[in-house]
Student: 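My questions will all concern the structure given below.
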Amino acid sequence: MQRRKVIQTLASVPLLTGLASFDTKDYKDPKRANLKTSLNAYSFNKSLRSGEMSLDEMLEFCADVGFDAIDLTGYYLEGYPEVPSDDYIFSVKKKAHGLGLDISGTGVRNDFTNADKDVRTQSLMLVKNWVDVAAKLGVPVLRVFAGRTATAGFSRSQVLPWVIEGLKECAAYGANRGVIIAVQNHNEFIKTTDQTIEIMEAVNSEWFGLVLDTGSYRQGDLYANIERMIPYAVNWQVKELVTNNGKEEDIDLKRLVKIIRSSDYKGYLPIETFGDDHFKERVTQFLNKLQEELNR
């Protein structure tokens, strides 16, 4: 009876002031919380290829300046285009984990537009081999390309089926390994949003998507193009310089983040900078600008 009275008494006591004034706005916006920064390793291309910077040093830099993740293009892993040893793959994975970095993606340089079927087959094997690497790294997305701008002696309509066939087979292989295949609009074979959508709909796989490259849609209103393509995006390349209505300009990060937040996209926003001088400073400055917009 005494226990029952105590419970009744407690139930009648008003909530503590701190709890009574609790506001759900204290929680972070889920769309804001689920957007994470990453660095596309191509930003350090010259330094990595020349040996001026090691892979470990780049990972340590990314952790030090506050990236959430690294987009680790396959070019910079030991032995590319050959597949590295498991010991090496796992050492990279362990290093990133120890620094608190996710690996948001990786990528290869394939070409499904080559008229030589043997070359296209080699590209297909390259992608499949690196799907296996991505799976071992725990990477969700493998970036691929459609191919070069033009194939001598062949029209676009003749080349397109080769591209679609190759990407379909890649997506099927990725599905069996838990790796999403993502084609990048790279202003080569894919130049426009219409061309991108044509490929997306033809491949038609839940294990296939788009690396939305902000610097490579160079026709018309860039931000309208981005809004149109977001439903297909599974990863990004957010570049410093873009082309908007025929004019090269700095990307409007405020506008970009607003568009992304109004969409269903959640995940990583890898940035990419260009140039060989003061590359660490440029990367840090661009990251800070993006973080500022994400924290608004």
Student: I'd like to know if the side chain of S43 reaches the main chain of N40, judged simply by a donor and an acceptor atom lying under 3.5 Å from each other, with no hydrogens or angles considered.
Tutor: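 Side chain of S43 to backbone of N40, a donor-acceptor pair under 3.5 Å: yes, one is there.
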
Student: Without swapping roles, check the side chain of K93 against the backbone of K136 for a donor-acceptor pair under 3.5 Å.
Tutor: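 Yes.
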
Student: Main chain of A224, side chain of D221: is a donor-acceptor contact present, judged purely on distance under 3.5 Å?
Tutor: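 Such a contact is found between D221 side chain and A224 backbone.
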
Student: Kindly state whether the ring of F145 and the ring of F189 have centres lying under 6.0 angstrom apart.
Tutor: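 No - the distance between ring centres of F145 and F189 does not fall below the 6.0 Å cut-off.
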
Student: Indicate if M125 and V131 have the same hydrophobic cluster label, given that clusters are the connected sets of ILVMFWY residues with side-chain heavy-atom separations under 4.5 angstrom.
Tutor: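 Shared cluster, no.
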
Student: Looking only at heavy atoms, which two atoms of S155 and Q158 are closest? And how far apart?
Tutor: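 Here S155 and Q158 meet closest at N-OE1, 2.8 Å.
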
Student: Provide the closest heavy-atom pair for Q219 versus N225 in the form atom of the first, atom of the second, distance.
Tutor: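 In terms of heavy atoms, the two residues are closest at O-ND2, 2.9 Å.
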
Student: Is there a side-chain contact (heavy atoms from CB on, under 4.5 Å) between F67 and Q291 once you walk through the steps?
Tutor: CA-CA 9 Å; F67 280 103; Q291 287 176 328; over 6 Å; no

Student: Would a 4.5 Å heavy-atom cut-off, applied to side chains only, mark H97 and I103 as touching?
Tutor: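 The answer is no; the side chains never approach within 4.5 Å.
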
Student: Any donor-acceptor pair under 3.5 Å linking the side chain of S91 with the backbone of Y88?
Tutor: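 Side chain of S91 to backbone of Y88: a pair is present.
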
Student: Before we go on, tell me: are the rings of Y173 and W207 under 6.0 Å apart, centre to centre?
Tutor: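 No, ring centres 6.0 Å or more apart.
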
Student: Hey, are the side chains of S104 and P270 touching, using non-hydrogen atoms and a 4.5 Å cut-off?
Tutor: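 In contact.
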
Student: Minimum heavy-atom separation for S216 and K239, please, with both atom names.
Tutor: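 Closest approach of S216 to K239, heavy atoms only: OG-NZ, 4.1 Å.
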
Student: Starting at NZ of K266, measure out to CG of L35 and round the result to the nearest 0.5 Å.
Tutor: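 The CG atom of L35 is 9.0 Å from NZ of K266, to the nearest 0.5 Å.
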
Student: Please report the interatomic distance CD1(I199) to CG(D194), rounded to the nearest 0.5 Å.
Tutor: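 Spacing of CD1 (I199) from CG (D194) equals 11.5 Å.
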
Student: Look at the aromatic rings of Y42 and Y76 and report parallel, tilted or perpendicular, splitting at 30° and 60°.
Tutor: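 Ring orientation, 0 to 90° scale: tilted.
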
Student: Evaluate the side-chain proximity of D56 to S54: yes if any heavy-atom separation is below 4.5 Å, no if none is.
Tutor: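 When only atoms from C-beta onward are counted, D56 and S54 do touch, with a gap below 4.5 Å.
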
Student: Is it true that a side-chain atom of W130 and a backbone atom of T106 form a donor plus acceptor pair closer than 3.5 Å?
Tutor: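 No; zero donor-acceptor contacts below 3.5 Å.
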
Student: Can you find a heavy atom in the side chain of I89 that is under 4.5 Å from one in the side chain of D86?
Tutor: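 Yes, at least one pair of side-chain atoms sits under 4.5 Å.
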
Student: Roughly how far, to the nearest 0.5 Å, is the SG atom of C170 from the CG atom of N110?
Tutor: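 So the CG of N110 and the SG of C170 are separated by 6.5 Å.
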
Student: What I want to check is whether the side chains of N34 and Y265 have a donor and an acceptor closer together than 3.5 Å.
Tutor: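 Not at all, the side chains of N34 and Y265 share no donor-acceptor pair under 3.5 Å.
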
Student: Report yes if the side chains of E292 and K254 come closer than 4.5 Å at any heavy-atom pair, otherwise no.
Tutor: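 The answer is no; the side chains never approach within 4.5 Å.
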
Student: Hydrophobic cluster membership, with links at side-chain heavy-atom distances under 4.5 Å among I/L/V/M/F/W/Y: are F274 and L241 in one?
Tutor: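 No, it is not one cluster - the side chains of F274 and L241 are not joined through contacts under 4.5 Å.
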
Student: Measure the spacing between CD1 of I70 and CG of L39 and express it to the nearest 0.5 Å.
Tutor: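 Taking CD1 in I70 and CG in L39, the distance rounds to 4.5 Å.
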
Student: Pair L142, I180 - check side-chain contact (heavy atoms from CB on, under 4.5 Å), show working.
Tutor: CA-CA 6 Å; L142 178 72; I180 301 166; over 6 Å; no

Student: For residues K191 and N187, report the shortest heavy-atom separation together with the two atoms involved.
Tutor: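 K191 and N187 have their closest heavy atoms at NZ-O, 3.3 Å.
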
Student: Does V83 reach the side chain of E78, with side-chain heavy atoms less than 4.5 Å apart?
Tutor: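 SC-SC contact between V83 and E78 ruled out.
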
Student: Would you say Y268 and V141 make side-chain contact, with heavy atoms under 4.5 Å?
Tutor: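 Y268 vs V141: side chains apart.
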
Student: When hydrophobic residues are tied together by side-chain contacts of less than 4.5 Å, even through go-betweens, does V211 share a cluster with Y75?
Tutor: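 They do not share one cluster, since no chain of ILVMFWY contacts under 4.5 Å joins V211 to Y75.
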
Student: Are side-chain heavy atoms of V183 and I190 found at a separation under 4.5 Å?
Tutor: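 Yes - at least one pair of side-chain heavy atoms lies under 4.5 Å apart.
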
Student: Give the C-alpha distance, both sets of side-chain angles, the deciding distance and a yes or no for side-chain hydrogen bond (donor to acceptor under 3.5 Å, both in side chains) between R228 and T193.
Tutor: CA-CA 8 Å; R228 191 180 184 204; T193 55; 2.8 Å; yes

Student: Taking all non-hydrogen atoms of both residues into account, name the closest pair between V234 and A182 and its distance.
Tutor: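 The pair with the smallest heavy-atom distance is CG2-CB, 3.5 Å.
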
Student: Verify the distance criterion only: is there a donor paired with an acceptor across the side chains of T73 and R143 at less than 3.5 Å?
Tutor: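 Side-chain D/A pair, T73 to R143: present.
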
Student: Just by distance, with hydrogens left out, do D68 and T37 show a side-chain donor and acceptor under 3.5 Å apart?
Tutor: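 Looking only at side-chain atoms, T37 and D68 do form a donor-acceptor pair, the distance falling under 3.5 Å.
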
Student: For G166 and F112, which heavy atoms make the closest approach, and how far apart are they?
Tutor: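 Minimum heavy-atom contact is C-CE1, 3.7 Å.
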
Student: Would a distance-only check, ignoring hydrogens and angles, find a side-chain to backbone donor-acceptor pair under 3.5 Å from R148 to D111?
Tutor: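 Checked: no pair found.
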
Student: Could you give the distance from OG (S38) to CG (N235), rounded to the nearest 0.5 Å?
Tutor: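 That separation rounds to 7.0 Å.
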
Student: Before giving the answer on ring-ring contact (aromatic ring centres under 6.0 Å, His included), spell out for F61 and F44 the whole-Å C-alpha distance, their side-chain angles and the decisive distance to 0.1 Å.
Tutor: CA-CA 11 Å; F61 168 83; F44 291 163; 5.4 Å; yes

Student: Please check if the side chain of D213 supplies one atom and the backbone of V238 the other of a donor-acceptor pair under 3.5 Å.
Tutor: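 Pair absent, no side-chain N/O of D213 close to backbone of V238.
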
Student: Taking NZ, NE, NH1 and NH2 as the nitrogens, is one of them in E60 or K95 under 4.0 Å from a carboxylate oxygen of the other?
Tutor: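 Answer for the salt bridge query: yes.
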
Student: When rounded to the nearest 0.5 angstrom, what is the spacing between CD in E293 and CZ in R296?
Tutor: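 If I round to the nearest 0.5 Å, the distance is 4.0 Å.
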
Student: Does one side chain, of T196 or Y217, offer a donor that lies under 3.5 Å from an acceptor on the other?
Tutor: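 Yes, side-chain donor-acceptor contact under 3.5 Å.
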
Student: So R109 and V144, side-chain contact (heavy atoms from CB on, under 4.5 Å) or not? Walk me through it.
Tutor: CA-CA 6 Å; R109 187 40 150 156; V144 301; over 6 Å; no

Student: Looking at E188, I'd like to know if its CD atom is crowded, meaning that more than 12 non-hydrogen atoms belonging to other residues, nucleotides or ligands lie closer than 6.0 Å.
Tutor: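 Buried by this count: over 12 neighbours within 6.0 Å.
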
Student: Quick check: are there more than 12 heavy atoms from other residues, nucleotides or ligands sitting under 6.0 Å from NZ of K289?
Tutor: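 It does not: K289 NZ has 12 such atoms or fewer within range.
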
Student: Can you tell me if T151 uses its side chain to pair, donor with acceptor, with the backbone of T113 under 3.5 Å?
Tutor: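 Side chain of T151 to backbone of T113: a pair is present.
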
Student: Salt bridge or not between E169 and K128? Use side-chain N to carboxylate O under 4.0 Å.
Tutor: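 Counted as a salt bridge, because a side-chain N and a carboxylate O are separated by less than 4.0 Å.
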
Student: Of the options L269, N185, I251, which is the one that meets T214 in a side-chain contact (heavy atoms from CB on, under 4.5 Å)?
Tutor: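 Testing T214 for a side-chain contact (heavy atoms from CB on, under 4.5 Å) against L269, N185, I251 leaves exactly one candidate, I251.
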
Student: For I259, is there any backbone N or O sitting under 3.5 Å from a side-chain donor or acceptor partner on S262?
Tutor: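 Yes: the side chain of S262 pairs with the backbone of I259.
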
Student: Just checking, any donor-acceptor pair under 3.5 angstrom between side chains of N245 and Y223?
Tutor: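 Distance-only check fails for N245 and Y223.
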
Student: List the steps and the verdict of side-chain contact (heavy atoms from CB on, under 4.5 Å) for L160 and E198.
Tutor: CA-CA 10 Å; L160 182 61; E198 182 178 33; 3.4 Å; yes

Student: For D132, is there any backbone N or O sitting under 3.5 Å from a side-chain donor or acceptor partner on R177?
Tutor: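 The answer is no, because no donor-acceptor pair under 3.5 Å joins these two groups.
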
